[in-house]
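Letters A, B, ... mirror the listed sequences (proteins, then strands); counts begin at 1.
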Amino acid sequence: MTVAPRGTYDILPDQAMAWQWMEMKIREVLLAYGYGEIRTPIFEHTELFLRGIGETTDIVEKEMYSFTDKGGRNLSLRPEGTAPVVRAYIQHKLHGQGGATKLFYLGPMFRQERPQAGRFRQFHQFGVELIGEDSPMADAEMIVLAHDLYRQLGLTGLEIYLNTVGCPVCRQEYKKELIASLQASSDQLCSSCRLRLDRNPLRVLDCKEASCQALTEQVPLLHDYLCLDCREHFQQVTNLLDQVQVKYEIKPKLVRGLDYYTRTVFEVINHDLGAQNAICGGGRYDGLVEECGGPSVPGVGFASGMERLFMTLEQKALLPAFSRAPQVYIIPLSADLTTVGFEAAFLLRQNGFKVEVGFTPKSLKAQLKAANRSGAPLALIIGEDEWQDRQVTLKQMDTGDQVRADWAELAEQIGQMLAQTESL
RNA sequence: GUGGGCGUAGCGCAGCUGGUUAGAGCGCCAGGUUGUGGCCCUGGAGGUCGAGGGUUCGAAUCCCUUCGCUCACCCCA
């Protein structure tokens, strides 16, 4: 069996055109918002992800494709895009250019998980990063940008989940309270939540286990422990969203799995997608740049899963139909005439036509069948009879009408006939 | 890493209370028109029944193992 490795897949020509279309729309919107594309390597020093994403996250604990190269360097295929962008930001001292830095990326990511609907081992994300700006307007712009981008792709029924996870100061305070509150009845927590209790207690909040959910009903909320700055920041973010009437739902227990998030976190959900229904996730990461060895600058961004986006577009029939049909299908009727067919194809392509030519001189019937299958509106038949007069036959596939054309005036005549069929 | 479902022709599938040469549809190829496609008719090619082992006179069908796909858990995009 020769199959692509588990969790990977091939994008065949018909689908590739839809992907290109989707990528084009994404780039259009991001460029319109003033973001510049950045292309970073698909592997980085493993250390970058350990520091950036956090050593206790699932991603670095069990999902990274890591390897040692021949120089003994420890490298990993990137499991996400933010840490590499931050690394590039620091490396090229982009903070020195003044003002906030607005970047986007688009490409494959790698995580060694069990695949399922909407989850792959090599998958694609596009992401946006706004580094060097701590205004709540930056947070709001991220959410509005995501919303607008999906809308421009035709998507309207998506839900936005919003929350704040505070800053290191007030979150620390809250964590203590949370642990204290859960400790009493820790025997009712699921096994993984018992581990989370001291490693990453916030994650207990969005555990789907019924018993854990029941417990978190009673637990104090982070919102009640926010420091004044964090509270105001969140208030302003929601005010801005209200201002432009972008609807969201506040989910007090929304906690994201990457360690670097501070204050605002959000997700965009498509409920019709199956278990993996988040097509976008992001938030603020004020400590990340410094953690990675850069200056102390804030940042905010999001990443969007392109397979999930593609599935959504497919599901809602929002992908345009693409045709790879040629304009002219050339049919040489004998072995001697295949070179003439080859030359005709060359000539017409020089004139800008989309042309396909039969490689083997099968029967006219068979070749017309192939022409029909190709979807070409015009068939160009080169037979012995007409070729004696340096002519060929042009057949209009929809009507079946056919005329003779002089070799010397081929391009001109085909141009006219195509213009005619297209105007009908 | 754990659990469920599924592997039969290029594709999507039927057959599975064990019984001759494993089927139909779509697609493909050819003929019905010695140079005319789509519709129709006729014919044809194409299968180690995922792989290995076992039970049996006999296995696509029952049992075991294994690989793959898929969905879900965990977690995330």
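In this model, the phosphate group of G37(B) is not approached by any side-chain N or O of R373(A) to a distance below 4.0 Å at OP1 or OP2. Under 4.0 angstrom from either OP1 or OP2 of C71(B) there lies no side-chain N or O belonging to R114(A). Close to A72(B), at under 4.0 Å from its OP1 or OP2, lies a side-chain N or O of Q116(A).
Q367(A) comes within contact range of no nucleotide atom at all, as no heavy-atom separation falls under 4.0 Å. If you check every strand for non-hydrogen atoms under 4.0 Å, G127(A) touches nothing. Nucleic acid contact for L333(A): base, since at least one base atom lies under 4.0 Å from a heavy atom of the residue. E61(A) comes within contact range of no nucleotide atom at all, as no heavy-atom separation falls under 4.0 Å. A371(A) comes within 4.0 angstrom of nothing in the nucleic acid, heavy atoms only.
Taking the six-membered ring where tryptophan is involved, the planes of F302(A) and F266(A) are perpendicular, since the angle between them exceeds 60° and thus also 30°. Note: Y161(A) and H271(A) have tilted aromatic rings, judged against thresholds of 30 and 60 degrees for the angle between ring planes.
Comparing A72(B), A77(B), C69(B) against the side chain of R6(A) picks out C69(B) as the nearest. Candidate nucleotides A77(B), C73(B), A72(B) were compared by shortest atom distance to the side chain of Q276(A), and C73(B) ranks first. Residue D385(A) places its side chain closer to G35(B) than to any other of A72(B), A77(B), G35(B).
The nearest whole Å value for the distance from the CG atom in L254(A) to the C1' atom in A77(B) is 14 Å. Here the P atom of nucleotide G27(B) and the NZ atom of K369(A) are 9 Å apart, to the nearest Å. One interatomic measurement links the two molecules: CD1 of I331(A) to P of G37(B), which rounds to 11 Å at whole-angstrom precision. Regarding N277(A), its CG atom lies at a distance of 10 Å from the P atom of A72(B), rounded to whole Å. Rounded to an integer number of Å, the gap from CZ of F120(A) to P of A77(B) is 15 Å. Between N372(A) atom CG and G37(B) atom C1' there is a gap of 5 Å when expressed in whole angstrom units. Distance, E384(A) CD to U34(B) P: 17 Å, rounded to whole Å. What separates CG of L368(A) from C1' of U33(B) is a distance of 13 Å, to the nearest Å.
Remark: G12(B) base-pairs with no nucleotide; criterion is Watson-Crick or G-U wobble with both hydrogen-bond distances under 3.5 Å. The nucleotide G1(B) finds its pairing partner in C73(B), both defining distances of the Watson-Crick or G-U wobble pair being shorter than 3.5 Å. In this entry C6(B) has G68(B) as its Watson-Crick or G-U wobble partner, both defining distances falling under 3.5 Å.
Heavy-atom neighbours of K354(A) NZ from other residues, nucleotides or ligands within 6.0 Å: above the threshold of 12.
A heavy atom closer than 4.0 Å to some atom of RNA chain B occurs in A303(A), G305(A), R308(A), these being the qualifying members of residues 301-312 of chain A.
Remark: side-chain polar atoms of R263(A) are not paired, donor with acceptor, to backbone N or O of F234(A) under 3.5 angstrom.
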